[in-house]
Amino acid sequence: DYEKAIEAFDYVTVINEKEYSGWFKKGLIYFAIRSFEKSIEMMNMCIKIDPKRNDHHLYIGSSYSEMGEYEEAIKHFKLSLEMNDRNLSAIIGIADSYMRNDKFKLAEPYLKKAVKLSPEDPLINYLMGECYFELNKLDKAYEALNKSVKLDPTNPDAWFYLGNLYFDLEKFDKALKCYRNVVKYE
């Protein structure tokens with residue numbers, strides 16, 4: 001029960017307002033129940049207590065992204081990345097925020113870095129393929145999307161973009177097979 005957990009952590013933070021874990025766990029709970037403004041408030045308390053940790057910036061960035069405030073999201077993902085340049089979640093968060101804002105060219109270098117860090121991750125390959133597709137780099141899009149569906153054949157989004165790619169190439173039989181997989185795995 002989230003409400004009871006929040007109440008318990010309220011006591012922790014009242015007893016010792018410098019107790020990082022109480023604020024952080026409340027922030028996680030608020031994030032889980034999609035109360036993003038409260039999550040940001042809790043994570044900002046974490047920053048005051050321990051500014052050197054990068055995980056609170058990651059959750060602030062994720063909260064802003066969920067609220068559709070992509071520039072703020074990117075700002076916090078970048079702060080997280082400054083503290084750990086191999087933070088895959090921050091890298092993907094930046095790329096995803098750019099993509100949601102139709103800034104695919106800005107997303108591309110972050111996705112390339114993510115692929116280097118985790119080349120066998122189906123989600124990263126899907127995002128890379130989507131980005132390449134939107135940039136009209138169809139050969140690269142095919143490569144990334146094909147790899148994504150091989151790594152995770154149940155991802156309807158990857159099948160959808162692969163279907164769109166085949167459609168644009170006028171390979172309608174292959175497009176239809178992909179779209180059938182979209183329906184199958186939705």
Side-chain angles (χ1 to χ4, degrees), residues 2 27-34 36 39 54-70 73-74 76-81 83-186:
Y2 289 127
L28 292 178
I29 293 167
Y30 282 123
F31 186 85
I33 61 173
R34 304 186 61 77
F36 300 118
S39 180
N54 71 6
D55 44 1
H56 41 257
H57 285 293
L58 197 58
Y59 279 99
I60 292 171
S62 296
S63 293
Y64 278 122
S65 180
E66 289 292 330
M67 293 169 20
E69 296 181 31
Y70 302 119
I74 290 165
H76 284 279
F77 287 133
K78 285 183 175 181
L79 286 169
S80 182
L81 196 58
M83 296 176 192
N84 175 3
D85 68 348
R86 298 178 60 82
N87 185 330
L88 199 52
S89 296
I91 294 166
I92 293 169
I94 293 167
D96 185 58
S97 294
Y98 279 134
M99 290 171 68
R100 289 179 187 220
N101 213 14
D102 293 327
K103 295 180 178 179
F104 296 96
K105 193 71 180 156
L106 293 173
E108 184 180 14
Y110 290 98
L111 289 169
K112 284 181 178 179
K113 184 173 183 174
V115 168
K116 280 185 181 176
L117 290 172
S118 189
E120 301 302 311
D121 186 302
L123 174 64
I124 292 170
N125 280 283
Y126 153 67
L127 291 171
M128 188 81 255
E130 178 187 350
C131 184
Y132 282 142
F133 180 84
E134 296 296 339
L135 292 171
N136 205 30
K137 296 180 179 183
L138 300 184
D139 289 341
K140 290 181 177 185
Y142 171 79
E143 193 177 302
L145 291 167
N146 200 38
K147 185 172 185 177
S148 178
V149 297
K150 283 182 180 174
L151 292 168
D152 178 10
T154 65
N155 181 346
D157 296 324
W159 283 113
F160 179 75
Y161 270 92
L162 190 57
N164 288 348
L165 186 133
Y166 281 129
F167 188 87
D168 286 356
L169 297 173
E170 297 183 3
K171 295 182 179 182
F172 301 118
D173 288 342
K174 289 184 177 189
L176 182 60
K177 287 179 185 177
C178 291
Y179 294 140
R180 283 185 178 143
N181 281 325
V182 171
V183 172
K184 179 179 178 180
Y185 296 117
E186 284 252 291

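On a predicted model such as this, the values are computed, not experimentally measured, just so you know.
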Provide the full list of salt bridge (charged side-chain N to carboxylate O under 4.0 Å, His left out) pairs with a residue in residues 169-178, sequence neighbours left out, each pair given once.
none

Do Val149 and Asn146 have side chains that approach each other closer than 4.5 Å (heavy atoms only, starting at C-beta)?
yes

Is the backbone of Ser80 close enough, under 3.5 Å, to the side chain of Asn87 for a donor and an acceptor to pair up by distance?
no

What's the spacing between Asn125 CG and Tyr132 OH if we round to 0.5 Å?
10.0 Å

Do Leu145 and Met128 have side chains that approach each other closer than 4.5 Å (heavy atoms only, starting at C-beta)?
no

How long is the straight-line distance from CG of Leu123 back to OG of Ser148, given to the nearest 0.5 Å?
7.5 Å

Applying side chain to side chain contact (heavy atoms under 4.5 Å, CB included) between Leu127 and each of Leu111, Asp121, Val115, report the one that passes.
Leu111

Below 4.5 Å, heavy atoms only, C-beta onward: do Leu117 and Arg86 meet side chain to side chain?
yes

To the closest 0.5 Å, what do you measure between NZ (Lys112) and CD1 (Ile124)?
15.5 Å

With Lys147, which residues qualify under salt bridge (Lys or Arg N to Asp or Glu O under 4.0 Å), at least two apart?
Glu120

In residues 93-108, what donor-acceptor pairs under 3.5 Å come from side-chain atoms, sequence neighbours left out?
from	atom 1	to	atom 2	distance (Å)
Asp96	OD2	Arg100	NE	2.8
Asp96	OD2	Arg100	NH2	3.4
Ser97	OG	Gly93	O	2.9
Tyr98	OH	Lys78	NZ	3.3
Asn101	ND2	Glu71	OE2	3.4
Lys103	NZ	Glu71	OE2	3.2
Lys105	NZ	Glu108	OE1	3.3
Glu108	OE1	Lys137	NZ	3.3
Glu108	OE2	Lys137	NZ	2.8

Can you confirm whether Tyr2 is buried at OH, in the sense that more than 12 heavy atoms of other residues, nucleotides or ligands lie under 6.0 Å from that atom?
no

OG/Ser39 to CG/Leu28 distance, rounded to the nearest 0.5 angstrom?
7.0 Å

Find out whether Leu169 and Leu138 are in side-chain contact, i.e. whether some heavy atom of one side chain is under 4.5 Å from a heavy atom of the other.
yes

A side-chain contact here means heavy atoms from C-beta on lying under 4.5 Å apart; do Ile92 and Leu88 qualify?
yes

Given side chain to side chain contact (heavy atoms under 4.5 Å, CB included), test Asp85 with Lys113 step by step and report yes or no.
CA-CA 10 Å; Asp85 68 348; Lys113 184 173 183 174; 4.0 Å; yes

Quick note, side chain to side chain donor-acceptor pair (under 3.5 Å) partners involving residues 60-69, not counting sequence neighbours, are Arg34-Glu66

Ring-ring centroid check Phe36 Phe31, cutoff 6.0 Å:
yes

N/O donor to acceptor pairs below 3.5 angstrom from side-chain atoms of residues 178-186, sequence neighbours left out:
from	atom 1	to	atom 2	distance (Å)
Tyr179	OH	Gly163	O	3.3
Tyr179	OH	Asn164	N	3.2
Tyr179	OH	Asn164	OD1	2.6

For Thr154, enumerate each residue passing the side-chain hydrogen bond (donor to acceptor under 3.5 Å, both in side chains) test, keeping only those at least two apart in sequence or located in another chain.
Asp152

Atom pair CD1/CG of Ile60 and Leu79 - distance to nearest 0.5 Å
9.0 Å

Test side chain to side chain contact (heavy atoms under 4.5 Å, CB included), reference Leu162, set Tyr142, Phe133, Tyr126, Phe167, output is Tyr142

Contact summary for Leu151 and Pro119, nearest pair of heavy atoms
CD1-O, 4.5 Å

